[in-house]
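Input: a single structure, listed below in C-alpha cells.
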Amino acid sequence: MSKQKPSLPKGTRDFGPAVMTKRYFILDTIKKVYQKYGYAPIETPAMENLSVLQGKYGDEGDQLLFKILNSGDFLSKSTEQGLKSSKELLPAISEKGLRYDLTVPFARFVVMHQHELTFPFKRYQIQPVWRADRPQKGRYREFYQCDADAIGTNSLLCEAEIVLMIQEVFQNLQQTKPDTLDYAIKINNRKVLSGIVEVIGASGKETDFAVAIDKLDKIGEEKVKEELAERGFSAASLEKITPLFSLKGDNFEQITHLKAFLKDSEIGSKGIAELEEVFSILQGLGADVPQLELDVTLARGLSYYTGAIFEVKPKNVEMGSISGGGRYDGLTDNFGLPDVSGVGISFGVDRIYDVLEELDLFPDAHQESTQVLIVAFDQESWNYSLRVLNSLRVNNIKSELYPEPVKLKKQMKYGNDKNIPFVIVVGSEETKSGLLTFKDMAEGSQDNLSISEILNRLK
RNA sequence: GUGGAUGUAGCUCAGUUGGUUAGAGUAUCGGUUUGUGGUACCGAGGGUCGCCGGUUCGAGCCCGGUCUUCCACCCCA
C-alpha cells in the first residue's frame, strides 16, 4: 500500500476539543430552551429514500442532494435497460440520498408515526445535514441544523413562543457579557406578501415577488424593482408597491398602514390579523421583545411557507441570517396526510459560532476541563497517587493522574497545555508525610496540604 | 451550476529577470534544570514547493490540466 496524504471531502471539517467545547455550549443552550418550551427530541437517519427527498426543495434543491450509489452490480442492470441520459440512469443506480434539511424527514416521521404521536406534536432535532453546494465562508457541505417544530395546531401561540425562544437563546448565549450582540428578530407573513401581490395586480407571481423583495437590504430598492420588472411585473404594479419600501414607524404604525393598503385583499387582511394576534399573545404573556421588528420585505426563499416567517439578523456584526423559520401548511400532504399545519424555527450553529467568536462571548473553557492534575515522581508515588485520584473523583472533582511517572517537566507541561488550574505533586516526601504539594498554576504558588484540606480548597 | 483569485515546514508567511544545498517566526523534541509548567538562553528534527503533465541545459518561479481554500453570482444555514 502506498502512502497517501490524508484529505477531507470538500466543504467538510474536523472539530478539535477546543472547538467542540464551544459548539456544545451553543447546542446545549438551544437544547435547554427547546425543552423549557415543551419540545421533545427525535432523531432520523442520515439517509432517506430519494423518493422522500426529491421534489420537495425545487429543481435547485434536487441538484444539491447528495445521492448514494446502490450496492451490487447496478451497471449491468442499467446497460441492459439501455438507459441513455443521466436523468434516466439515476433511478437505476441510486435510490437513497443524504438528508438536505430536517423538516422534510420530520414530515415523513410524523406521517409514519401518526398513530403513536399525540398532537399537537412538538419536537426538536439537532443533526447534521448535507448539501452538494459550492462551499464558501460560513457555507459548508455538511453542517448542523437545530430545528424545533410544532405540528398539528394552527394556534399562533406557537409563533409567539418561537419569538420568545429566539430571545431566550440569544440572551443565554450572552451570559458572560449581556447585550453585546445587537440583533433583530424580523417577522412577516406570507399572506401579507400574497395580499400585496394581489393588490398590485400581479396575482400568481408570489414566488417571483418573494425572491426579488428578499434581496432588498442587499441590493437596494432600484435593483429590486429592476429584477421585478425582469420577472414580468408591470410598471403600474411597481408604482403601487413603492410606498411599501419606505414604510416607517414602529410595528403598530406599520400594521395600521398595511391594513389600509391591503383592505381589499382577503388573504392580505388575514395575514395582518395573524400578525396582530402574535403581538397580542406576546403582550398577554407579559413579554417585552424590543428586538421584534415587522418587516414586509422579509420573504425567505423557501416556497413552502404559508403564514408567519421569521429571520434573525445580527446588527453589529457583518453576518447574514443566523436563524430562521416560519409556518407551513400541507408539508405532510405529499406523504398522504393532509390538513396538518406546522410551524418551526432553526438556528444556524456555524454562523452563531462565528458571531460569538467575533464578539468574544464564549465563556471560559476552564470549568469544563480537568480541574486537578496529579503528577508523580516515581512508581511508588504513582501507586500512592491512585488513592488520591480516587478521593478526588469520589468528591466529583474532574481530575486525572498523569499515566506514567515520567520527568516532572513533561507532566507539568501537559497540565499547562491543557489549562488545568491545579496540580498535586506527589513524591517520596509526600507519601511519607501524607501532606501533598498543592500548586496553583495561575499563581505559581504551592502549599503542603492533606487530602481533606485540598478537597475543601476545590469545593 | 457561472465567473475570478489562491496553494512553499504542523501553523503564519519570505523566496530577486528561471540558476548551486528553498529560508524566517511560531509550534514540536532535546538541553541549560535527576523535586516543578507558563518567561529566558542553546541545540535538533521537520519540505515530493497541492497534484499531474509541458516549455527549458536548468522550474518554487513560465504554460496547460486537476484538486483545495477563498470571493462574487445563483441559492441558502
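Below, read A as the first sequence line, B as the second, and so on, with proteins coming before strands; counting in each chain starts at 1. Values reported hereafter were calculated over all heavy atoms of this structure, with side chains retained and with hydrogens, waters and symmetry mates removed. It should be emphasised that the depicted structure is a prediction, and the values quoted were computed from it without experimental measurement.
Checked by atom type, the side-chain pair A:Arg134/A:Gln136 shows no donor-acceptor distance below 3.5 Å.
Shown here are the salt bridge (charged side-chain N to carboxylate O under 4.0 Å, His left out) partners of A:Arg231, two or more places apart in sequence or in another chain: A:Asp208, A:Glu227.
When the C1' atom is used for both B:C70 and B:G50, the distance is 15 Å, rounded to whole Å.
Under the 30°/60° scheme for interplanar angles, the aromatic rings of A:Phe362 and A:Phe25 are found to stand perpendicular.
Around the NZ atom of A:Lys36, the shell of radius 6.0 Å holds no more than 12 heavy atoms that belong to other residues, nucleotides or ligands.
The phosphate of B:G31 has OP1 or OP2 within less than 4.0 Å of a side-chain N or O from A:Lys407.
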- [ ] Indicate for each nucleotide in nucleotides 33-44 of chain B, in 5' to 3' sequence, whether protein heavy atoms under 4.0 Å reach the base (B), only the sugar-phosphate (S), or nothing (-).
- [x] --BBBB------
Open item on the list: For a quick check, with a 4.0 angstrom heavy-atom cut-off, what is the B/S/- contact string for nucleotides 3-10 of chain B, read 5' to 3'?
Closed with: B-------
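Nearest-nucleotide assignment on RNA chain B puts the 5′-proximal partner with A:Pro9, out of A:Pro9 and A:Arg351.
In this structure, the side chain of A:Gln127 engages the main chain of A:Thr44 through a donor-acceptor pair within 3.5 Å.
The pair A:Lys313-A:Glu293 does not meet the salt-bridge criterion, since no charged nitrogen lies less than 4.0 angstrom from a carboxylate oxygen.
The CG-P distance, from A:Leu98 to B:A77, rounds to 18 Å in whole Å.
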